[in-house]
Amino acid sequence: MPELAEVKFYANQWVPCLGQRVERVRCQEGKRVFRRCDFPALSGLDSEILQSMQTHGKQMLFGFSGGLWLHLHLGMAGRLQRGPRETTPSKHDHLILYTNEAALVYNDSRMFGEIRCYRSVDGEPPFWKRLPPEVTTPAFTREFLGNVLRRHARAPLKAILLRQEFFPGVGNWMADEILWRSGIHPACPGGRVRGVKLSELHRRVREVAEDALRVIATDWGDPPDDWLFPHRWRDGGVCPRTGRPLCREVIGGRTTCYSPARQRWPEELAGTPPLPSV
DNA sequence: CCCCATGTTCGACA
DNA sequence: GTGTCGAACATGGG
């Protein structure tokens, strides 16, 4: 499930425990989620204090005293929970941090997620400081978007939007939502999007991210019926704007839902000049 | 048994 | 370098 807003929601589950000291770390080395984890560092969380939480796209970073940083990714099915101190590990609980008041649980049934731990006394680990701009910040400009599309002029927009190095946090449903609101076909090549369409896409990327955060990140509310979201996997789903049927197709390697009635092919965009030849 | 899944990475190939 | 495709990872749900 986790995209931008869901990741924020899960990260928030641990926030009430900021300031608490970890009394015990429970985990099982050898599980896939620890495939690149510095295990001694992870065990070192024992007796340290949880001091900070931040997210970036689909990634979470928890800061601990002693210069330790816990870096989590939820993959396809991961989640975080906060439970009572008496919490006993259930089937896919791969990591539990026990404080004197609570249990902080990382759960991932498919193990596509990842748990890593770093030592860095001088603030966040270096990789974290080099992450690209988040789509909700001023650094995510129309020009930045235009450059990305120009450099991938022949790739379908859907595939481009899924790339975390450009659109951190955007996943399958957000990409579909963005393109649907923009009225652009998901298979439209990046190079076709210029001028007003570029402005439109830029606005919608930010809008979907902000809407998702507002609706999901704190309370995990149900997305309203005027989003594409509640209609997209429904068999016989209907576009809430046009009332016309939605369709599903694999684009950019992922099942994509769109509304053919309002998301047009590049050729149908009036006055679009041809793509530059490579 | 079949198919599908809100993610990422890797190798082969045009 | 760009882009596509399929497979792999591991599990659960319909």
Side-chain angles (χ1 to χ4, degrees), chain A residues 1-11 28 30-37 55-60 71-80 90-94 106-116 127 131-132 135 147-181 186-192 205 208-209 211-213 215-217 220-223 227-237 246-258 266 275-278:
Chain A
M1 300 190 179
E3 295 180 25
L4 184 79
E6 293 89 347
V7 167
K8 192 65 167 285
F9 172 86
Y10 285 125
Q28 245 185 53
K31 296 272 193 74
R32 181 181 152 84
V33 290
F34 296 113
R35 58 199 176 277
R36 293 188 291 178
C37 185
T55 65
H56 186 287
K58 298 176 187 172
Q59 309 183 67
M60 300 180 281
H71 176 209
L72 304 178
H73 192 289
L74 298 171
M76 191 83 102
R79 57 192 193 197
L80 299 190
S90 59
K91 191 163 180 200
H92 300 295
D93 294 345
H94 306 302
Y106 174 101
N107 177 288
D108 180 10
S109 62
R110 292 178 70 178
M111 292 196 274
F112 289 175
E114 193 163 13
I115 297 174
R116 304 184 72 172
F127 84 92
L131 292 171
V135 298
N147 288 337
V148 169
L149 300 185
R150 206 173 316 130
R151 268 183 292 145
H152 302 280
R154 312 197 90 88
L157 283 171
K158 174 64 182 271
I160 301 173
L161 283 172
L162 289 175
R163 298 189 44 175
Q164 299 301 295
E165 71 267 43
F166 305 130
F167 308 97
V170 172
N172 206 23
W173 82 255
M174 284 181 73
D176 286 356
E177 188 78 32
I178 289 163
L179 292 167
W180 175 75
R181 293 191 191 186
C188 173
R192 296 274 188 187
V205 169
V208 169
D211 284 354
L213 287 168
V215 172
I216 296 168
W220 202 302
D222 286 330
W227 294 15
L228 175 63
F229 188 104
H231 308 272
R232 61 194 308 273
W233 290 139
R234 209 174 276 169
D235 274 327
L246 296 167
C247 70
R248 277 175 249 170
E249 201 178 317
V250 174
I251 299 172
R254 304 293 299 278
T255 303
T256 299
C257 176
Y258 65 98
L275 282 173
S277 50
V278 188

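Numbered from 1 within each chain, the chains take letters A, B, ... in sequence-line order.
- The side chain to side chain donor-acceptor pair (under 3.5 Å) test with A:Asn172 singles out one residue from A:Glu177, A:Lys158, A:Glu3, and that residue is A:Lys158.
- Of the nucleotides present, B:dT8 is the one that pairs with C:dA8 by Watson-Crick or G-U wobble criteria, both distances under 3.5 Å.
- In this structure, the NE2 atom of A:His231 is 18 Å from the P atom of B:dT6, given to the nearest Å.
- Nearest to the side chain of A:Glu3, among B:dG7, B:dA5, C:dT11, sits B:dG7.
- For the residue pair A:Gln28 / A:His94, no side-chain donor-acceptor distance below 3.5 Å is found, with atom types taken as modelled.
- Nucleic acid contact class of A:Pro223 (heavy atoms, under 4.0 Å, all strands): none.
- If you take atom P in C:dG6 and the same atom in B:dC4, they sit 13 Å apart, rounded to whole Å.
- Remark: C1' of B:dT8 and CD of A:Glu165 are 11 Å apart, rounded to the nearest angstrom.
- Where A:Ala155 and A:Ser109 meet DNA chain C, the nucleotide closest to each residue was compared, and A:Ala155 sits on the side nearer the 5' end.
- Using a 4.0 Å heavy-atom cutoff across all strands shown, A:Gln164 reaches sugar-phosphate atoms only and no base atom.
- Using a 4.0 Å cut-off, some side-chain N or O of A:Arg254 falls inside it from OP1 or OP2 of B:dG7.
- Atom CG of A:Leu162 is separated from atom P of B:dT9 by 13 Å (rounded to the nearest Å).
- For the pair A:Lys91 and C:dT11, the criterion of a side-chain N or O lying under 4.0 Å from OP1 or OP2 is not met.
- Side-chain proximity of A:Met111 to the nucleotides C:dT11, B:dG7, C:dG3 is greatest for C:dT11.
- Separation of the P atoms belonging to C:dA7 and B:dC2 is 15 Å when rounded to the nearest angstrom.
- Atom CZ of A:Phe167 is separated from atom C1' of B:dT8 by 18 Å (rounded to the nearest Å).
- With centroids closer than 5.5 Å and planes inclined by less than 30 degrees as the test, A:Phe112 and the base of B:dT8 fail to qualify as a stacked pair.
- Heavy-atom neighbours of A:Arg181 CZ from other residues, nucleotides or ligands within 6.0 Å: above the threshold of 12.
- Going from atom CH2 of A:Trp180 over to atom CG of A:Leu246 covers 8.5 Å, rounded to the nearest 0.5 Å.
- In this model, the phosphate group of B:dA5 is approached by a side-chain N or O of A:Thr255 to a distance below 4.0 Å at OP1 or OP2.
- Atoms CD (A:Glu114) and P (C:dA10) sit 13 Å apart, rounded to a whole Å.
- Note on ring orientation: taking the six-membered ring where Trp is involved, the planes of A:Phe166 and A:His152 are tilted (angle from 30° to 60°).
- The listed nucleotides are C:dT4, B:dT6, C:dG12; the one nearest the side chain of A:His92 is C:dG12.
- Taking CG from A:Leu74 and CZ from A:Arg110, the interatomic distance works out to 13.5 Å, rounded to the nearest 0.5 Å.
- Nucleic acid contact for A:Lys31: none, since no nucleic acid atom lies under 4.0 Å from a heavy atom of the residue.
- Distances shorter than 4.0 Å separate some side-chain N or O of A:His73 from OP1 or OP2 on B:dT8.
- If you measure from atom CD1 of A:Ile251 to atom C1' of C:dG6, you get 18 Å, rounded to the nearest angstrom.
- The OH atom of A:Tyr10 sits 13 Å away from the P atom of B:dG7 (whole-angstrom rounding).
- For A:Arg248 and B:dC3, the CZ to C1' distance is 13 Å, given to the nearest whole Å.
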